[in-house]
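Each remark here refers to the structure printed beneath this line.
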4 protein chains.
Amino acid sequence: MRPENESIGQRSFIEEARRRQIIDAAVEVLADAGFGGASLARIADRAGISKGVISYHFAGKDELLRQVVISLYENGAAMMVPRIEAADSALGRVRAYIESNLEFLDTHRRHITAMIEVVFGLRGADDRPAFTAEDGDNASVLPLAELLRAGQDSGELGDFDAWIMAQQIRDSIDGAATRAARDPDLDLSPYADQMLALYLRAVQPPPPGAS
Amino acid sequence: MRPENESIGQRSFIEEARRRQIIDAAVEVLADAGFGGASLARIADRAGISKGVISYHFAGKDELLRQVVISLYENGAAMMVPRIEAADSALGRVRAYIESNLEFLDTHRRHITAMIEVVFGLRGADDRPAFTAEDGDNASVLPLAELLRAGQDSGELGDFDAWIMAQQIRDSIDGAATRAARDPDLDLSPYADQMLALYLRAVQPPPPGAS
Amino acid sequence: MRPENESIGQRSFIEEARRRQIIDAAVEVLADAGFGGASLARIADRAGISKGVISYHFAGKDELLRQVVISLYENGAAMMVPRIEAADSALGRVRAYIESNLEFLDTHRRHITAMIEVVFGLRGADDRPAFTAEDGDNASVLPLAELLRAGQDSGELGDFDAWIMAQQIRDSIDGAATRAARDPDLDLSPYADQMLALYLRAVQPPPPGAS
Amino acid sequence: MRPENESIGQRSFIEEARRRQIIDAAVEVLADAGFGGASLARIADRAGISKGVISYHFAGKDELLRQVVISLYENGAAMMVPRIEAADSALGRVRAYIESNLEFLDTHRRHITAMIEVVFGLRGADDRPAFTAEDGDNASVLPLAELLRAGQDSGELGDFDAWIMAQQIRDSIDGAATRAARDPDLDLSPYADQMLALYLRAVQPPPPGAS
DNA sequence: GATGAATGAGAGTTCATTCAT
DNA sequence: CATGAATGAACTCTCATTCAT
C-alpha cells in the first residue's frame with residue numbers, strides 16, 4: 001500500500017515520472033481505442049509495465065482517468081493564460097483566447113481526444129456523469145465570460161449576453177476539437193479564420209452609423 | 001434464427017412494434033446510465049421483456065444501438081424538412097433549419113442524449129468509432145451547406161465559405177444539444193435567440209453602405 | 001439478469017435444484033479448503049459448472065455463503081424440533097435437545113464444518129463479522145433458554161441462571177461440533193454420554209435430603 | 001536475506017523488539033479486521049513501518065501468524081502455571097486452572113480474538129488447517145487431563161473420564177473466549193461463577209450418603 | 001537494516017452471446 | 001416467438017512476495 005500523500009505534493013521524482021508515463025500511456029490508449037477500450041491491461045501493456053503498477057500508483061482507474069483530464073487542463077491553462085494576458089485590449093484578449101485555444105488543441109490532438117473520451121465516458125457509482133456540465137462550464141466558460149464582461153464594462157465590447165456568447169465560443173472551439181480529434185489530418189486553419197471573423201465581429205460594438 | 005430480411009422491409013407489423021419498444025427502452029437506459037451502463041439485461045428489464053428477445057429481433061447489440069441513432073435522424077429529418085421547405089427565402093430557410101433543429105432537440109432531449117452516448121461510445125471491431133466524422137458531416141452538415149450555397153448562388157446570402165459556415169452552425173447546435181442533454185432543466189430559448197442573431201447576421205450580405 | 005423474486009419464493013424447480021447443487025459444492029469446498037480457500041472458481045469447478053452460473057443464481061458470493069449457513073440451520077431445526085416436542089417432560093426435552101443436536105452434527109459433519117468456516121470467516125464491508133454473537137445466540141441459545149425456563153416454572157428443573165446454562169450447553173455442543181469437524185473419524189458417543197450426565201445432573205432440582 | 005537462526009535463539013535485542021512490535025500490530029489488525037482482512041500492508045501500516053520490514057524479520061506471513069498464536073500460548077502458560085501450582089489440593093488446582101484461564105482471556109481479549117482468527121483461518125499449502133485439533137488438545141487439554149487424573153489417583157476427585165472432562169472444561173472456556181471475542185463489553189463473571197459451580201461439582205466424588 | 005517499487009497470480013463480478021425447450 | 005439458463009472472456013482490484021537501492 002502506497003502512503004496516501006496526495007494532499008501534500010510529497011511524491012518522489014521517480015514516482016512522479018511513473019505517473020506521467022502511465023498517464024501518457026492512458027492518453028494513447030484512450031485516443032486509439034476510446035473509453036470503452038481503455039482497459040488497465042491495455043494501458044499497462046502500452047506502458048510496458050505490469051497491470052499492478054497502475055494500481056500501485058493510482059488509487060484506482062477513476063483517479064487515473066481524472067488525471068488525464070486534469071493534466072490536460074493544466075497544460076492548456078499554462079499555455080493560454082500568458083497569451084491572453086499579453087494582449088492589451090479586450091478584443092485582443094478575445095482573439096488571444098480563441099487563437100491560443102485552437103492552437104493548443106491543434107498541437108495536442110491526441111490528448112484532447114483522450115480527454116473527450118473520459119469526460120463523455122466516465123460515470124460515478126450512481127451512473128451519473130463524473131464530469132457534469134457545470135464542471136465544464138466553470139472551468140472553461142466562466143473565465144471567458146468574465147473576460148467578455150470586463151470588455152463590456154470598459155466599453156470596448158458591444159451589448160450581448162456575455163455568458164451565452166462565451167458558451168457559443170466554447171461550443172465552436174469544442175466542435176473544432178471534436179473534428180480535430182476524429183480526423184487527425186484535418187487542417188484547422190480555415191475553420192479558425194472564419195471562426196475568428198465570426199466572433200470578433202459579434203462582440204464588437206456596432207459601427208457608429210449602423211441602424 | 002430469424003430470416004435476415006432487413007433490406008426488403010418485410011417486417012411484420014408486430015415485429016416492427018417490438019423493435020420500437022426495444023429501441024425506446026434502449027433510449028431510456030442510454031439516457032439514464034450512459035453507454036457503459038446500457039447492458040442488454042438492463043434494456044430488456046426496462047422493456048419488460050427477456051434478454052433473448054433482443055437477440056431475436058436484432059442481429060446484436062451493435063445493430064440495436066445503430067437503430068437508436070438512425071431512428072432519431074429519421075425523426076429529426078421528418079420534422080425539419082417540411083419546415084425548411086415551407087420557407088420562401090434563403091434566409092428563411094437558414095432560420096427554419098436552426099429553429100426547427102433547436103426545437104427538435106428541445107422536445108427530444110432524452111433521445112438526443114441517448115444518441116450522443118452511442119455516437120461517442122460505439123466502436124467497431126477495429127476499435128475505430130462506428131460513427132465517423134464523415135458520417136455525421138454527410139448527414140447533417142452537407143444539406144445545410146447546400147442550402148447555404150444555393151442562397152449564395154441566388155445572391156440572397158453573403159460571401160463566406162459555405163462548408164465551414166455549415167460546420168459552425170452545426171457545432172453551435174450540437175453544443176446546445178450537449179448542454180440540453182446534460183442539464184434536463186436548461187432553458188434553451190435564450191441560447192437559441194442569440195444564436196439566431198449571430199448566424200443570421202453572419203450569412204447575410206453586408207449592408208449597402210458598409211466599408 | 002435474473003428476476004429478483006427471492007421474497008416470493010417463486011423459484012422454478014430447476015433453479016432450486018441448481019441452487020442446491022451449488023450450495024452442496026460450496027459445502028464440500030468449504031469443508032475441504034476452508035473459508036479462504038473457497039473461491040468461486042473452485043466451487044464452480046467442484047460443481048462441474050462455469051463460474052458465471054454461480055453469479056447467475058446468487059446475488060453474490062455472500063448470498064451463497066449465507067445460504068450455506070441458513071440451509072443448515074433449517075435442516076437442523078427440521079430434525080430437532082419434532083424430537084424435542086415429542087418428549088413429555090422438561091428433563092426429557094433437555095435430553096432430546098442435546099441428543100438430537102449431537103446426533104445431527106454427527107450425521108452432518110461436513111455441513112457443520114462448512115458452516116463454522118462461514119460463520120467465522122464471513123465479514124461485511126465494514127470488516128465486522130457478518131454473523132454476530134447475538135445472531136448466533138438468538139438462533140441457538142434462546143430456544144434452549146426458554147425450554148429451561150419453562151421447566152423451572154413448572155418446578156421440574158432446579159434453580160440456576162437459565163440463560164447462562166443454555167450458553168454452557170451450547171458451548172459444549174459447539175465444542176463437540178468443532179472436534180467432529182476437525183477429526184472426521186472421531187467417535188462422539190463417549191463425549192455425548194458424559195455430557196448428558198453432566199447437564200442432566202446440573203439442571204435437576206437437588207435431591208430432597210441434600211444440604 | 002537474513003540468516004535463518006530461529007532455532008538457536010541468537011536474535012539480537014533490537015531484532016526481538018521489532019518482532020514484538022510487528023506481532024502486536026498483527027494482533028490489532030487481526031482483532032479488528034479478521035483473518036481475511038489482515039494483509040501485510042495493513043499490519044505494516046498499523047506498526048508504522050514498511051511492508052518489506054515484515055518480510056525481513058519473518059520468513060513469511062505464515063510465520064508471523066504462527067507467532068501470534070505461539071506468543072499468546074506462552075503468555076497464558078506463564079500466567080496460569082504459577083497460579084495452578086500454588087494450589088494445595090486437586091480441587092484447588094482445577095479451580096485455579098479455570099479461574100486463571102478465564103481471567104487471562106478476560107484481560108487479553110484482543111489477543112484471544114486474534115489467536116482465534118489465526119487458528120481458524122490459517123491453512124497450509126495442502127489446504128489443511130495449520131493448527132490441528134491434535135495441536136490444540138496437546139497444548140490445552142493434555143495438561144488439564146493429567147491434573148484431573150492425578151486428583152483421581154490421590155482419591156481427591158470422583159470417577160469420570162478425565163480426558164473427556166478436560167475436553168468439556170476446555171470447550172466451556174473456549175466458548176467463553178469466543179463470546180468475549182465477539183462482544184468486547186461482555187461481563188464474564190456470571191458465566192465464570194456458574195461454570196465453576198458446574199465443574200467443581202462434577203469432578204468431586206459423590207457425597208457419602210448419595211445413592 | 002530498511003524502503004519503495006514492481007510483479008504476477010488470483011479474486012469476484014459483469015456481460016454479450018448462444019441455445020434447448 | 002419467447003424464455004431462462006449457461007458460457008467464457010474480460011474486467012478492476014488485491015495481495016504476498018521479491019529485489020535493487
Side-chain angles (χ1 to χ4, degrees), chain A residues 1-3 11-12 14-15 17-19 36-44 47-65, chain B residues 1-2 12 14-15 18 36-44 49-65, chain C residues 1-3 11-12 14-15 17-19 36-44 47-65, chain D residues 1-2 12 14-15 18 36-44 49-65:
Chain A
M1 197 181 294
R2 245 190 63 259
R11 267 191 274 272
S12 73
I14 191 167
E15 170 154 16
R18 261 276 186 266
R19 281 173 66 97
S39 71
L40 289 187
R42 208 156 160 176
I43 294 170
I49 57 178
S50 141
K51 237 181 355 173
V53 185
I54 300 179
S55 297
Y56 180 78
H57 287 284
F58 294 88
K61 194 186 184 184
D62 279 21
E63 199 218 327
L64 169 56
L65 295 181
Chain B
M1 193 179 294
R2 236 188 68 260
S12 72
I14 192 169
E15 174 156 7
R18 262 272 190 263
S39 69
L40 287 188
R42 210 158 159 174
I43 294 170
I49 57 175
S50 134
K51 234 180 358 169
V53 187
I54 299 180
S55 301
Y56 182 79
H57 286 284
F58 294 89
K61 192 185 185 185
D62 282 17
E63 199 219 325
L64 167 57
L65 296 181
Chain C
M1 198 180 295
R2 242 190 64 260
R11 266 189 277 272
S12 72
I14 190 165
E15 169 155 16
R18 260 276 184 266
R19 281 173 67 96
S39 70
L40 288 189
R42 209 157 157 176
I43 295 170
I49 56 177
S50 141
K51 232 179 3 168
V53 184
I54 300 180
S55 297
Y56 181 77
H57 287 284
F58 294 88
K61 193 187 185 184
D62 280 22
E63 199 217 327
L64 168 58
L65 295 180
Chain D
M1 195 179 293
R2 234 186 69 262
S12 73
I14 191 167
E15 174 157 8
R18 262 272 189 263
S39 70
L40 286 188
R42 210 156 156 176
I43 294 170
I49 58 175
S50 135
K51 235 182 352 174
V53 187
I54 299 179
S55 301
Y56 183 81
H57 286 285
F58 294 88
K61 192 187 185 184
D62 282 18
E63 199 219 327
L64 167 57
L65 296 180

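Each chain gets a letter, A, B and so on, in the order the sequences are listed, and its residues count up from 1. Not measured: the values here are computed from a predicted model.
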Task: Among dT3(E), dG4(E), dT7(F), the one nearest Ile49(C) by side-chain distance - done: dT7(F)
- [ ] For Glu15(A) and dA6(E), give me the distance from atom CD to atom C1', rounded to whole Å.
- [x] 13 Å
Open item on the list: On DNA chain F, compare the nucleotides closest to Ala38(D) and Gly48(C); which residue's is nearer the 5' end?
Closed with: Gly48(C)
Open item on the list: Under 3.5 Å for both donor-acceptor distances, Watson-Crick or wobble: does dT13(E) have a partner, and if so which one?
Closed with: dA10(F)
Open item on the list: Measuring from the side chain of Lys51(A) (C-beta onward, heavy atoms only), which nucleotide among dA16(F), dG10(E), dA2(F) has the closest atom?
Closed with: dG10(E)
- [ ] Could you work out which one of dT17(F), dA5(F), dT14(E) sits closest to the side chain of Ser55(C)?
- [x] dT14(E)
Open item on the list: Could you tell me how far apart Leu64(C) (CG) and dA11(E) (P) are, to the nearest whole angstrom?
Closed with: 15 Å
Task: Nucleotide dC1(F), atom P - distance to CD1 of Ile54(B) in whole Å - done: 17 Å
- [ ] For Ile14(D), answer base if it contacts any base atom (sugar-phosphate contacts may also be present), sugar-phosphate if it contacts only those atoms, and nothing otherwise; contact means non-hydrogen atoms under 4.0 Å.
- [x] sugar-phosphate
Task: Minimum-distance nucleotide (side-chain atoms of Ser39(B) versus dC15(F), dA16(E), dA2(F)) - done: dA16(E)
Open item on the list: Among dT18(F), dA2(E), dT12(F), which nucleotide has an atom closest to any side-chain atom of Lys61(A)?
Closed with: dT12(F)
Task: Distance in angstrom units between Tyr56(C) OH and dA16(E) P, rounded - done: 15 Å
- [ ] Could you state the atom-to-atom distance from CG of Leu40(D) to C1' of dT3(E) in whole Å?
- [x] 15 Å
Open item on the list: In whole Å, I'd like the distance from the CZ atom of Arg18(D) to the C1' atom of dT3(E).
Closed with: 11 Å
